[in-house]
Protein chains: 2
Amino acid sequence: MNTVSDIQCEAATCRPESGDDCAAHGICALRAFARTDPSVFDRISKQRRLFRRGEILFHAGQPFSYVCAIRSGSVKSYLCSEDGEAQVTGFWFAGELLDLNGIHHDSRACVVEALETTSICELPTDFLQQLFADVPAARLEMLRNMSAQVHGAEELIRVIETKRTDQRLAVFILEMARRATLRGLSDSEVRLTMSHTDLASFLGMARETLSRALSRFDTDGLVRGRGEVILIRDSEALRELARG
Amino acid sequence: MNTVSDIQCEAATCRPESGDDCAAHGICALRAFARTDPSVFDRISKQRRLFRRGEILFHAGQPFSYVCAIRSGSVKSYLCSEDGEAQVTGFWFAGELLDLNGIHHDSRACVVEALETTSICELPTDFLQQLFADVPAARLEMLRNMSAQVHGAEELIRVIETKRTDQRLAVFILEMARRATLRGLSDSEVRLTMSHTDLASFLGMARETLSRALSRFDTDGLVRGRGEVILIRDSEALRELARG
DNA sequence: CGACTCTTTGAATGGAATCAACGGTCGTGG
DNA sequence: CCACGACCGTTGATTCCATTCAAAGAGTCG
């Protein structure tokens, strides 16, 4: 899927000027600081790993020894209930931080799996602790980031509780487009790197229901295409639908 | 509802020995530290306010100038959509921290309203910043606390997406009982300080559906009572139901 | 007591899950 | 190279659960 040059290219999204909404902003702020101390910078930039589609970044319950930032590609996080059912809890893209909710019991809260070739950046927790001690802006950014995740989760709850299936889908598509713009991509083209099964699980509906909703969106002219790439044709109508 | 002596009594739950799960633990850790500097301690303990049932602690959009810890009583948080519909996002009890998800854009993310006579403790953000600078354990606790909130929100998402109505209710009752034990109360008696309307909104179901589910729980011997106080009669069956 | 809010219960409707079957793609191995 | 199986996506028919609509009972407060 991605070539090495793609990765190098997307890695550039991890820069301070990405704007406040960029989940990697806190980290980037740290990098700016680290320039005064090259050894710290090296410590960040050398902790990189590459995963292929289907490979597991980490399992639930593993010790929480580093925070994970995505440099390129995408991953899904999911929980396994006792009966073996997988429940997808989120999708994460370049420039975003992963599984911060594992911090509170020092272990990974979920399984994270690469949806495509994915490059990540590992930030050891002890290193972060030191950084928080030294850089007030860093800990503020971290708080903001986690706060944003709580906010996002609550927003999702609100959507799931109050919206019907096609409303949920509309919200998701718009959210994907929004996050794509943070990575400097088009705001009218959404790449669904996850399977319909994963997405349906995330949105809390049956695969069939999702499929039907996507078909309806296509025939109604809201979007174009149902495959990996979806083109937003009528974003205003989508927004209207998302509002309820 | 609560007398002054009740409040003084419950305020005692805000102590370090409350255990790791207590949401106020971070704050309490700060208080322990503050003993070496009485002026800091004063600064915390003097920022108290009392609210009566129905009174608003703060509105959505107001500046985020302090973190709010509940000393006694209970509150609900809710969002108002554009069409005036209120969506309850959570309930908070003594020893818990409020609306941390507002941090990321420096304004309150939701409306918070007292469900009964409620005493709170205000922790100014600039004071917390100073505290985080001085006390590593404090910022770790804050991170843990927020992490726990993300975790809780995701857990709620999982429940809402995958469970039927009575399963959701079972999860909620058990969760309420768990939180009650953190405050040193009985684990088999749940006080529902919120209205059924609020609870139904929070659980993502119609008032009538909640009412029916509660009735069923009562007649089936899972719980006793449907009013403000609910007695857990068969916690094992509840747990079984909650597991799905 | 009467106005109000909240809760309960019943009956009908509707939306999504489920069940079932089919076409497509991909990777494996004969 | 093709056959096969595994997985994924689509579509149709049916079932079931929760919402909605409607109305009456219970509790609270002025």
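Below, chain A is the first sequence line, B the second, and so on; all start at residue 1. Only this structure's heavy atoms are used, side chains among them; waters, hydrogens and symmetry mates stay out.
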Engineer: Any sub-3.5 Å donor-acceptor pair from Ser215(B)'s side-chain atoms to Ser211(B)'s backbone N or O?
Structural biologist: yes
Engineer: Could you tell me whether the phosphate oxygens of dC7(D), OP1 or OP2, come under 4.0 Å of any side-chain nitrogen or oxygen in Arg207(A)?
Structural biologist: no
Engineer: I want to verify a distance call: between dC17(D), dT19(D), dG9(D), whose nearest atom is closest to the Arg164(B) side chain?
Structural biologist: dC17(D)
Engineer: Looking only at side-chain N and O atoms, does Thr197(B) come under 4.0 Å of OP1 or OP2 in dC6(C)?
Structural biologist: no
Engineer: Within the 4.0 Å heavy-atom criterion, would you say Ser195(A) contacts the bases, only the backbone, or no part of the nucleic acid?
Structural biologist: sugar-phosphate
Engineer: Round to a whole Å and report the spacing from CG of Leu203(B) to P of dA18(D).
Structural biologist: 13 Å
Engineer: Please state how far atom CZ in Phe217(A) lies from atom C1' in dT10(D), giving the value in whole angstrom units.
Structural biologist: 17 Å
Engineer: In whole angstrom, give the distance that lies between atom CD of Glu228(A) and atom P of dT25(C).
Structural biologist: 15 Å
Engineer: What nucleic acid atoms does Arg212(A) come within less than 4.0 Å of, heavy atoms only: base, sugar-phosphate, or nothing?
Structural biologist: base
Engineer: Quick one: label Gly204(B) by what it contacts on the DNA or RNA (base, sugar-phosphate, nothing), any heavy atom closer than 4.0 Å.
Structural biologist: sugar-phosphate
Engineer: Would you say dA18(D) has OP1 or OP2 under 4.0 Å from some side-chain N or O of Thr165(B)?
Structural biologist: yes
Engineer: Whether Arg226(B) contacts dT9(C) is assessed here as follows: a side-chain N or O lying under 4.0 Å from the phosphate OP1 or OP2. Is that the case?
Structural biologist: yes
Engineer: Assess Arg207(B) against Phe202(B): is NZ or CZ under 6.0 Å from the centre of the six-membered ring, and within 45 degrees of the ring's axis?
Structural biologist: no
Engineer: Counting heavy atoms from C-beta on, name the nucleotide in dG9(D), dA22(D), dT18(C) closest to the side chain of Glu208(B).
Structural biologist: dA22(D)
Engineer: Are Thr89(B) and Glu154(A) linked by a side-chain donor-acceptor pair shorter than 3.5 Å?
Structural biologist: no
Engineer: Could you check how far CG of Leu199(B) sits from C1' of dT8(C), rounded to whole Å?
Structural biologist: 15 Å
Engineer: Under 4.0 Å from OP1 or OP2 of dT5(C): is there any side-chain N or O of His196(B) that close?
Structural biologist: no
Engineer: Please report the distance, rounded to the nearest Å, between CG in Leu169(A) and P in dG9(D).
Structural biologist: 14 Å
Engineer: Taking atom types as modelled, find out whether Ser72(B) and Ser119(B) have a side-chain donor-acceptor pair closer than 3.5 angstrom.
Structural biologist: no
Engineer: Side chain of Glu189(A), backbone of Ser186(A): donor and acceptor closer than 3.5 Å?
Structural biologist: no
Engineer: So, is Ser215(A) close to the dT11(D) phosphate, meaning a side-chain N or O under 4.0 Å from OP1 or OP2?
Structural biologist: yes
Engineer: Mind calculating the distance between CG (Leu192(B)) and P (dC6(C)) to the nearest angstrom?
Structural biologist: 15 Å
Engineer: Can you tell me how far P of dA16(C) sits from CG of Leu210(A), to the nearest Å?
Structural biologist: 12 Å
Engineer: Over how many whole Å does the gap from Asp218(A) atom CG to dT11(D) atom C1' extend?
Structural biologist: 15 Å
